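Here's the structure, in C-alpha cells; my notes come after.
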Amino acid sequence: MFYFAYASNLSRKQMASRAPGAKASCSATLPNHKIIFTGWSRSWKGATASLQQSHGDRVSGGLYEVSNQDLEKLAKCEGTEYTTRQITVFRDTGETVEAVAFVRRQQAEEGNPSPEYLAIIKQGYADWSLL
C-alpha cells in the first residue's frame, strides 16, 4: 500500500527509524487540502501537522510503499490523536494513486509548531526535492 507523507515523515531519516521497511516511491500532490498545525505535542514541544480540506489549495508530499507492519509502527509513533484516512493523490505524471495519510481524529485549536519540528519538515521537503 501507499502512505502519503506530508509533514515530519517526509524526512527520509525519520522514516528509516520509524518504519525501516518503507520504500520511498515518488512525490505526489493532494488537491483541495492544506496543512494546518494544531494541538500540542510533548515530544515536539508545539503544534503538529494535520490535513484540512481547502478548496483550491494543494499539499505536496511523498509516497512511500509500506507494509501493514510498517503502517502499524507509524501509527504507534503518531499516537492516539491521529488516525488513517484513505485519500487520492496525484503523481507528477497526473496518474492517481490511492494512499493512506495520518490526520488528527478531532480538529484541535491551531497553534505554532516548534522550530525543531519545522526543521524536520523542511529537511523532508529537501529530501523529496519539493522546495
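Since this is a predicted model, take the numbers as computed values, not measurements.
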Task: Rounded distance (nearest 0.5 Å) linking atom NZ of K23 with atom OG of S67 - done: 9.0 Å
TODO: Kindly work out whether a path of hydrophobic side-chain contacts (I/L/V/M/F/W/Y, heavy atoms less than 4.5 Å apart) joins I36 to I121.
DONE: no
- [ ] Show your reasoning for whether side-chain hydrogen bond (donor to acceptor under 3.5 Å, both in side chains) applies to Y82 and T48.
- [x] CA-CA 11 Å; Y82 284 83; T48 54; 2.7 Å; yes
- [ ] Taking the side chain as every heavy atom from C-beta outward, state whether F2 and V100 have any pair of such atoms under 4.5 Å apart.
- [x] no
Open item on the list: Can you give me the closest heavy-atom contact between V97 and R91, atom names plus distance?
Closed with: CG2-NE, 3.1 Å
Task: Heavy-atom pair of closest approach, residues L74 and M15 - done: CD2-SD, 3.7 Å
TODO: Check for a donor-acceptor pair, side chain of W128 on one end and backbone N or O of L10 on the other, with a separation under 3.5 Å.
DONE: yes
TODO: Keeping to residues at least two apart or across chains, list the salt bridge (charged side-chain N to carboxylate O under 4.0 Å, His left out) pairs with something in residues 104-119.
DONE: none
Open item on the list: Just verifying a value: how many Å separate Q53 CD and H33 NE2, rounded to the nearest 0.5 Å?
Closed with: 4.5 Å
Open item on the list: What verdict does the side-chain hydrogen bond (donor to acceptor under 3.5 Å, both in side chains) test give for Q123 and S11, after you've listed the backbone C-alpha separation in whole Å, the side-chain angles of each residue and the deciding distance to 0.1 Å?
Closed with: CA-CA 6 Å; Q123 179 58 55; S11 164; over 6 Å; no
Task: Test of ring centre spacing under 6.0 Å for F102 and Y6 - done: no
- [ ] Could you pull out the closest heavy-atom pair between T88 and P31, with the gap in Å?
- [x] O-CD, 4.0 Å
TODO: Determine whether F90 and L30 fall in the same hydrophobic cluster, where Ile, Leu, Val, Met, Phe, Trp and Tyr are linked whenever their side-chain heavy atoms lie under 4.5 Å apart.
DONE: no
Open item on the list: Nearest 0.5 angstrom please: E81 CD to T38 OG1, how far?
Closed with: 9.5 Å
Open item on the list: Would T96 and V89 count as a side-chain contact (heavy atoms from CB on, under 4.5 Å) here? Give the steps.
Closed with: CA-CA 6 Å; T96 61; V89 296; over 6 Å; no
Open item on the list: Let me confirm one number: the NZ-OG distance from K13 to S8, rounded to the nearest 0.5 Å.
Closed with: 13.5 Å
Open item on the list: Can you give me the closest heavy-atom contact between G111 and A47, atom names plus distance?
Closed with: C-CB, 3.6 Å
Open item on the list: Under a 3.5 Å cutoff, is there a donor and acceptor pairing between the side chains of S41 and Y117?
Closed with: no
Task: Main-chain N/O of N9 paired to Y64 side chain as donor or acceptor, under 3.5 Å - done: yes
TODO: Check whether any side-chain heavy atom of D92 lies under 4.5 Å from a side-chain heavy atom of S27, and answer yes or no.
DONE: yes
Open item on the list: Please tell me whether W44 and F37 form a close aromatic pair, meaning their ring centres lie under 6.0 Å apart.
Closed with: no
Open item on the list: Is there a path of hydrophobic side-chain contacts, each under 4.5 Å between heavy atoms, that joins V103 and W40?
Closed with: no
Open item on the list: Less than 4.5 Å apart, side chain to side chain, heavy atoms only: is that true for Q14 and I120?
Closed with: yes
Task: Nearest-0.5 Å distance that lies between atom CD in Q106 and atom OG1 in T83 - done: 11.5 Å
Open item on the list: Testing the basics here: between L63 and A99, what is the closest heavy-atom pair and its distance to 0.1 Å?
Closed with: CD2-CB, 3.9 Å
- [ ] Provide the closest heavy-atom pair for A101 versus L51 in the form atom of the first, atom of the second, distance.
- [x] CB-CD1, 4.1 Å
Open item on the list: For the backbone of D57 and the side chain of S54, can you confirm whether one donor and one acceptor N or O come within less than 3.5 Å of each other?
Closed with: no
Task: Student check: side-chain heavy atoms of N68 and M1 closer than 4.5 Å - done: yes
